[in-house]
Amino acid sequence: MFGSNIWLLVPVLLLVLLLFWPRKDTRSKDRVPPDLENRKSPFFIKPILQLGNRPKLTASEEVEIHWHAEAPENDWSVQYRQSAQADWKPVPVSRSNKIKIEGHAENYRFSATLSGLLPGTDFEYQVLKSGQLELSSSGLTRKARGQAQRIVIVGDMAEGGPGSRKIAFQIAQTNPDMLLMAGDLVYRTGRLQEYLKYFLPVYNSDTSSKEIGAPIIRSRIALTEVGNHDVGMPQESDIPNLDLAPDLMAHYILWSLPLNGPVTTGSKKHVAPLAGKQERLNAFLQAAGERYPRIGNYSVDAGDCHWLVLDSNVYVDWTDAQLLSWVEADLQSAKDARWKLVSFHHASFTAHWKHFDEQRMRILSPVFERHGVHVVFSGHNHTYERSYPLRFEPAPQSNGKLIADNGHVDGKFTLDKEFDGATKTRPNGVIYIVTGGGGARQKLMSEHPEGKLVALPPFTVTMVDNVHSFTCLDMTANKLSIKQISEDGSVLDSFEISQ
Ligand SMILES: [Fe+2]
């Protein structure tokens with residue numbers, strides 16, 4: 001029917017294609033020059049600001065910059081300054097042994113220590129390779145006693161969904177002085193490949209937006225704790241196996257934190273039951289070095305607080321007298337801190353049916369009360385929950401143990417219901433906060449198909465289980481102002497504690 005007319009359509013179709021074919025926008029001012037566009041990044045992991053093994057405050061602060069690169073040549077240099085008028089100060093760069101984790105490019109950890117920094121002040125640093133600038137960032141040193149500070153606390157974070165990117169963006173909007181990540185930083189099993197895919201592009205992105213995340217961990221000190229997913233144990237009965245996933249436990253390879261945790265003797269090692277061929281275990285142990293397993297438990301001073309971070313995973317037996325005496329001694333020693341704060345992943349007191357049975361950390365409540373701990377932060381449940389100030393006296397089970405086989409810890413509660421965080425701000429007891437809404441699971445607890453909450457337990461003031469959120473804590477010597485902020489920036493809860 002069309003006959004020879006079909007050939008007339010060809011030039012028309014070509015014209016349409018020419019007009020509507022998607023083209024690269026060459027007008028953008030931000031367009032990368034062609035010679036750099038295809039250049040491979042020299043970083044395997046981009047620079048991260050790290051506190052390192054510095055639990056105590058000093059008049060002259062230090063921070064470390066860590067990054068990983070595949071090339072062994074140490075032609076890196078780092079320089080920093082504390083004001084735009086100051087001269088850049090070069091610092092030596094050191095290199096680790098080769099990190100050889102199966103499934104990943106062989107790489108090296110490079111690090112530089114910036115020293116002689118004033119507490120609580122901004123600085124700039126630059127990382128250069130063969131004299132060429134590769135990354136520049138601002139940074140902030142830890143606050144000293146008497147300096148106001150803002151700390152963001154959040155757990156249960158990077159799973160690849162939009163929630164974690166929105167949360168990272170909103171955290172950056174609050175401009176915290178420090179970040180504390182309350183476990184389950186990356187899903188599903190804390191593998192290095194999961195960090196590379198889900199966590200680092202979100203919390204160490206080059207740009208800041210709701211759709212991407214923010215360059216937080218290159219500019220602020222982040223403290224971390226291990227959750228069950230960080231050690232390859234989505235379920236308590238799981239045994240992490242390096243033969244199945246050789247890049248498990250990346251937490252211990254990436255983070256550099258105080259090494260002042262307990263060293264126990266005896267048969268109980270309080271470490272994850274890691275399995276796998278010896279060569280894979282050796283590769284992990286070499287990459288982790290002294291961090292494993294010691295950064296599971298540590299304490300740190302910052303501003304007016306002393307912060308105790310504990311590993312609450314099921315393999316740690318907190319009835320062990322050696323561990324308990326370390327906790328007692330640590331809290332006892334923090335005499336000059338105005339505030340004592342504690343965090344661990346598995347909440348002692350949660351309102352939610354999910355993980356409700358995992359109550360084992362309740363046995364530490366009397367220790368916290370004895371030493372005047374003000375707030376305990378946890379994650380694990382993807383909720384925000386705030387308790388009344390409470391005192392809890394564990395009672396032995398019928399078999400004489402404090403922890404029942406099902407994980408329950410029964411006991412006597414004393415609740416301070418006078419405290420309202422507005423007009424009555426001096427709590428009689430410890431306030432327990434669950435802040436596990438960091439973005440993991442696009443389905444939050446409220447949408448979980450396995451069950452619904454029927455009623456809040458008596459110790460709960462409020463619970464939010466239908467939106468991602470994080471905790472923003474403003475601290476002065478006499479007051480803690482705590483806000484829970486959602487992924488869209490709205491305030492879900494706020495209260496104050498004074499002394
Ligand atoms: Fe968890």
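Counting starts at 1 for both ligands and their atoms, in listed order.
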#### Entry: By side-chain hydrogen bond (donor to acceptor under 3.5 Å, both in side chains) - contacts of Asp330 (at least two apart)
Ser299, His306

### Message
Taking side-chain hydrogen bond (donor to acceptor under 3.5 Å, both in side chains) as the definition, give me every residue that meets it alongside Arg191, ordered by chain and number, with sequence neighbours left out.
### Response
Asp247

### Query
Which one of Lys479, Lys424, Lys483 satisfies the salt bridge (Lys or Arg N to Asp or Glu O under 4.0 Å) criterion with Glu496?
Lys479

### Query
Going by the ring-ring contact (aromatic ring centres under 6.0 Å, His included) test, which pairs reach into residues 156-183, not counting sequence neighbours?
none

### Query
So, the side chain of Gln170 versus the backbone of Glu487: is there a donor-acceptor pair under 3.5 Å, distance only?
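Answer holds: yes.
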
### Query
Does the Gln359 side chain pair with the main chain of Phe356, one donor and one acceptor, at a distance under 3.5 Å?
yes

### Query
Around the Fe ion (ligand 1), what protein N, O or S atoms are found below 2.8 Å?
Asp184 OD2, Asn228 OD1, His345 NE2, His380 ND1

